[in-house]
4 protein chains.
Amino acid sequence: MSITLSQAEAALAAAREAAEVIGVPMNIAVLDAGVHLKAFSRMDGALLGSIDIALGKARTAALFGLSSEAIWEFSKPGGTSPGLELTNGGLVVFAGGLPIRDENGALLGAVGVSGGAVAQDLQVAQAAVAAVQGG
Amino acid sequence: MSITLSQAEAALAAAREAAEVIGVPMNIAVLDAGVHLKAFSRMDGALLGSIDIALGKARTAALFGLSSEAIWEFSKPGGTSPGLELTNGGLVVFAGGLPIRDENGALLGAVGVSGGAVAQDLQVAQAAVAAVQGG
Amino acid sequence: MSITLSQAEAALAAAREAAEVIGVPMNIAVLDAGVHLKAFSRMDGALLGSIDIALGKARTAALFGLSSEAIWEFSKPGGTSPGLELTNGGLVVFAGGLPIRDENGALLGAVGVSGGAVAQDLQVAQAAVAAVQGG
Amino acid sequence: MSITLSQAEAALAAAREAAEVIGVPMNIAVLDAGVHLKAFSRMDGALLGSIDIALGKARTAALFGLSSEAIWEFSKPGGTSPGLELTNGGLVVFAGGLPIRDENGALLGAVGVSGGAVAQDLQVAQAAVAAVQGG
């Protein structure tokens with residue numbers, strides 16, 4: 001089972017709402033469990049440079065079933081896997097990408113958010129996940 | 001002026017509705033006038049190979065302010081511009097990509113649709129355009 | 001000897017003037033004899049999709065010291081060199097790219113023009129060449 | 001509103017003048033707010049390796065509406081966004097790229113300068129910005 005468009009739209013809507021609350025226009029990407037684009041929103045005024053980052057965070061989270069920043073723990077200086085972020089055509093290893101799972105923990109897909117400070121991106125991504133998984 | 005997210009969402013919704021009427025799940029991409037991704041929907045069951053085609057059709061239409069298949073008239077055997085489809089990192093030169101304009105004819109962006117027969121893709125793209133431009 | 005910035009600026013100015021006469025905003029690229037970008041102008045309203053084409057026409061003309069459309073004679077069906085347009089990362093093989101030579105015929109660089117009909121692009125490129133070579 | 005060719009030409013002229021004052025030939029790129037090439041000059045004698053850097057600095061500044069070196073603050077060791085410079089096909093995160101804004105602070109485009117020491121590149125980029133924004 002992979003994420004449905006209905007679930008992806010719910011994730012986008014929740015992310016946009018969370019972004020409006022903090023007043024930061026965001027790019028939000030939802031990928032399925034096969035790491036293919038399912039749905040995307042760029043809010044008016046969101047940075048153009050963050051489109052690729054939102055897609056990259058979602059891709060990173062979907063590829064490994066981990067948050068995007070968890071990959072940094074492996075690839076950072078002193079980590080077990082230096083250069084991991086250079087694989088798969090380039091990963092994005094800071095926060096804002098999260099896996100989305102069903103009630104049994106199976107991977108449905110992932111969301112990636114970019115446009116604000118990293119803590120803001122993460123907060124908005126969490127809202128997207130909660131809209132699908134419950135929160 | 002470039003397309004707003006509200007306009008892009010209206011285009012996606014109209015496209016999904018038109019696709020449901022004909023019973024063919026589609027990939028639908030909306031780009032802004034600067035040829036950057038604004039919004040995207042992949043309907044459940046839509047072909048994975050059509051994600052890139054929908055994006056490419058929208059990109060082609062936004063880059064030239066023409067329908068995607070209009071580019072083929074230039075690039076086809078005997079046309080004035082052989083190999084035009086190889087420029088810009090590769091264009092998609094069959095129907096399903098359309099420019100979206102405002103009431104004064106200025107380019108707002110473009111939509112690209114892929115997932116069915118080419119005539120079906122075009123029909124769904126026309127529905128998306130009509131939702132923004134009126135129809 | 002390669003083209004100077006002063007010569008390249010003269011080529012751009014002549015091209016812009018010729019484009020204004022026919023009322024078609026153009027992208028104009030000037031490359032040096034080493035096939036590196038020397039100067040570029042995108043006139044207001046010129047097609048975004050023509051940026052890459054103008055650069056490609058200039059690159060094609062500089063690489064071979066021939067007009068861009070001369071390459072098509074080699075690569076077209078029945079020509080001696082099928083697929084030639086796929087070499088060098090992709091050539092542009094329709095008119096609008098011209099070599100620029102000094103008074104002894106040595107290659108100084110090339111100009112590429114895109115934004116109108118192919119005949120218009122060629123006319124504007126010829127104006128650019130004439131500004132450097134005399135015409 | 002994006003940058004006009006007249007504004008871009010004024011930016012290039014001011015940059016060339018500033019570069020001549022310090023005696024360092026520069027590559028200068030101006031992009032529009034949609035991150036597309038608008039105008040470019042390579043001064044005679046400017047390094048070939050700096051063409052891509054000037055374009056990359058301008059692209060970085062246009063994508064994020066920030067100076068190119070501001071991106072380094074995010075991506076440097078201990079920053080919030082390790083590997084940010086690997087997104088968007090590769091960013092250039094040292095000084096010499098600056099956004100260009102209108103009198104209301106809206107992004108018009110960006111300039112990127114490369115050819116000298118980084119401090120010289122920045123100085124020349126500042127002259128380009130001042131020619132459009134006033135200084």
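Reminder, nothing fancy here: chain letters follow the sequence lines and each chain counts from 1. It should be emphasised that the depicted structure is a prediction, and the values quoted were computed from it without experimental measurement.
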Checking L86(A) against L86(D) for the side-chain contact (heavy atoms from CB on, under 4.5 Å) test, could you report, in this order, the C-alpha distance in whole Å, the side-chain angles of both residues, the deciding distance, and whether it holds? CA-CA 9 Å; L86(A) 303 176; L86(D) 304 175; 3.7 Å; yes
In terms of heavy-atom contacts, does CZ of F64(A) have more than 12 from other residues, nucleotides or ligands at under 6.0 Å? yes
Once you round to the nearest 0.5 Å, how far does CD1 of I51(A) lie from CG of L63(D)? 8.5 Å
Indicate the atoms forming the closest heavy-atom contact of F94(A) with T80(D), along with that distance. CB-O, 3.5 Å
Separation of L84(D) CG from S114(A) OG (nearest 0.5 Å): 8.0 Å
Interface moiety of L91(D) toward chain A, non-hydrogen atoms closer than 4.5 Å: neither
Heavy-atom nearest pair, V118(A) first then S81(D), reads CG2-OG, 3.3 Å
Does any heavy atom of chain A fall under 4.5 Å from the side chain of A62(D), the backbone, both, or neither of them? neither
N/O donor-acceptor pair under 3.5 Å between D52(A) side chain and T87(D) backbone: no
